[in-house]
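Position 1 is the first residue of the sequence; numbering continues from there.
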Amino acid sequence: MMTVKNGLYSIRIEMKDGGRGRATGVIVLLDGQILGGDTHFYYTGSYTFKNGKWRGELITHQHAEALGMTLLFGGREVACGFTGTYSDGKAEVDGTALVGKNSGPFHAKLTLKSSL
């Protein structure tokens, strides 16, 4: 039976539909919990999976200032929901970030770097 493997993953996130922004970072998937981050944000959340599909939710929090830049999520706690597929050491998701009263679709790719 295929499962989402516990481990440390690299993550590449791109905003879709004309949204500006992308990020790369690391994320830990461990028994249904999500912990991770990138240059300016950290993420916490949870996920479930079954039969090659998975879904979850996470909250992003800004941890560092971006001098000279305007961040899409800047200064806000942002809720995100996602659904996607997974296979041996890889996963992809499509989701929506709720930024204030606006929503922004995104796509992310995860690659297993180290199993836990």
Could you state whether [X] and [Y] fall into the same hydrophobic cluster, counting links through intermediate Ile, Leu, Val, Met, Phe, Trp or Tyr residues with side-chain heavy atoms under 4.5 angstrom apart?
X	Y	result
Val93	Met2	yes
Leu8	Tyr43	no
Leu58	Met15	yes
Val28	Ile34	no

Give me the one residue out of Trp54, Phe49, Phe106 that meets ring pair (Phe, Tyr, Trp, His ring centres under 6.0 Å) with Phe82.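 Option passing the ring pair (Phe, Tyr, Trp, His ring centres under 6.0 Å) with Phe82: Trp54.
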
Looking at every non-hydrogen atom in both residues, tell me the closest pair between [X] and [Y] and how far apart they are.
X	Y	value
Tyr47	Asp31	OH-N, 3.6 Å
His40	Asp38	N-OD1, 2.9 Å
Ser10	Lys113	OG-CE, 3.3 Å
Leu116	Gly7	CG-CA, 3.6 Å
Ala97	Val78	CB-CG1, 3.9 Å

Any side-chain heavy atom of Lys5 sitting closer than 4.5 Å to one from Leu29?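 No, every pair of side-chain atoms sits at 4.5 Å or beyond.
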
Is there a side-chain contact between Thr24 and Arg22, using heavy atoms and a 4.5 Å cut-off?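 No, side chains not in contact.
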
Can you tell me how far the [atom1] atom of [X] sits from the [atom2] atom of [Y], to the nearest 0.5 Å?
X	Y	atom1	atom2	value
Leu30	Ser46	CG	OG	13.0 Å
Thr60	Glu77	OG1	CD	8.0 Å
Thr44	Ile27	OG1	CD1	10.0 Å

How are the rings of Tyr42 and His63 set relative to one another: parallel (under 30°), tilted (30 to 60°) or perpendicular (over 60°)?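 Tyr42 vs His63 ring planes: tilted.
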
Is there a donor-acceptor pair closer than 3.5 Å between any side-chain N or O of Tyr86 and the backbone N or O of Gly52?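 Checking the backbone N and O of Gly52 against the side chain of Tyr86, a donor-acceptor pair under 3.5 Å is found.
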
NZ/NE/NH1/NH2 to OD/OE distance under 4.0 Å, Lys90 and Glu92: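 Salt bridge: no.
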
